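Here the structure comes first, spelled out in structure tokens, and everything after it is commentary.
Because the structure is predicted, anything quoted here is derived from the model rather than measured. Note: hydrogens, waters and symmetry copies are ignored here, and every other heavy atom, side chains too, is used.
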Amino acid sequence: MKRIFSIIAIVFAIALTASAASPSAALAAAEDPSTGAKNDVTIVIDNFTFMAPNLTIPAGTKVTWINHDDVPHTVVSTEQKFKSKALDTDESFSFTFTEPGKYPYFCSIHPKMVANVVVTEKK
Ligand SMILES: [Cu+2]
């Protein structure tokens, strides 16, 4: 009986190690090697709204939009700098902003959904 308990303990230890390893690996991937800053930003689309209407980020930042609505949305640059396909529920689209400037965008299915990304010089 004691032996079974120690086997269970080992299995638990392995499971804990495995689950702890993946989030830290994901965080490491998000780090900018030059500054150590965590660069990635996520914008949730919910209730027909881009939840960060005016986002300011340093150049080099990767932005991911994820649709939490039950209807599809798109993420389309007004100045044709980026364009997603129609994103179904929980689908996402990413774009890395490398040049400083102002990037207005909208949903082409619901053109009243508008927002901006402002990109500043790299830190
Ligand atoms: Cu939309």
Flag side-chain contact, heavy atom, 4.5 Å: L87 against V75: yes
More than 12 heavy atoms from other groups under 6.0 Å of NZ on K85: yes
Any side-chain heavy-atom pair of V117 and Y105 under 4.5 Å: yes
F50 vs H73, ring-ring contact (aromatic ring centres under 6.0 Å, His included): CA-CA, chis, key distance, verdict: CA-CA 10 Å; F50 296 107; H73 295 294; 7.4 Å; no
Residue pair T56, T120: steps toward the side chain to side chain contact (heavy atoms under 4.5 Å, CB included) verdict: CA-CA 7 Å; T56 301; T120 59; 3.7 Å; yes
Test: K81 and E99 ion pair at under 4.0 Å: no
Closest non-hydrogen atom pair, E91 against A86: OE1-O, 3.7 Å
In one Ile/Leu/Val/Met/Phe/Trp/Tyr side-chain cluster, 4.5 Å: V76, M113: no
Transitive ILVMFWY side-chain link I43 to F97, under 4.5 Å: yes
Interatomic spacing from NZ in K112 to OG1 in T49 - rounded to 0.5 Å: 13.0 Å
Beyond-backbone contact of L55 with V118, side-chain heavy atoms, under 4.5 angstrom: no
Sidechain-backbone polar pair: T64 side chain, F93 backbone, donor-acceptor under 3.5 Å: no
CA sep, side-chain torsions, deciding dist, call: S108, T74, side chain to side chain donor-acceptor pair (under 3.5 Å): CA-CA 6 Å; S108 59; T74 64; 2.8 Å; yes
Shared hydrophobic cluster for I45 and F48 (ILVMFWY, side-chain gaps under 4.5 Å): yes
Chi angles and distances behind the side chain to side chain contact (heavy atoms under 4.5 Å, CB included) call for N47, H68: CA-CA 8 Å; N47 196 23; H68 284 179; over 6 Å; no
Polar side-chain atom of T61 near backbone of A59 as donor-acceptor pair, under 3.5 Å: no
Criterion ring-ring contact (aromatic ring centres under 6.0 Å, His included) against W65, the qualifying member of F82, F106, F95: F82
Common cluster, V119/V41, ILVMFWY with side-chain heavy-atom separation under 4.5 Å: yes
Evaluation steps, side chain to side chain contact (heavy atoms under 4.5 Å, CB included), between M51 and V44: CA-CA 6 Å; M51 297 310 279; V44 171; 4.2 Å; yes
T89 (side chain) donor-acceptor with D69 (main chain) under 3.5 angstrom: yes
Main-chain N/O of E79 paired to S77 side chain as donor or acceptor, under 3.5 Å: yes
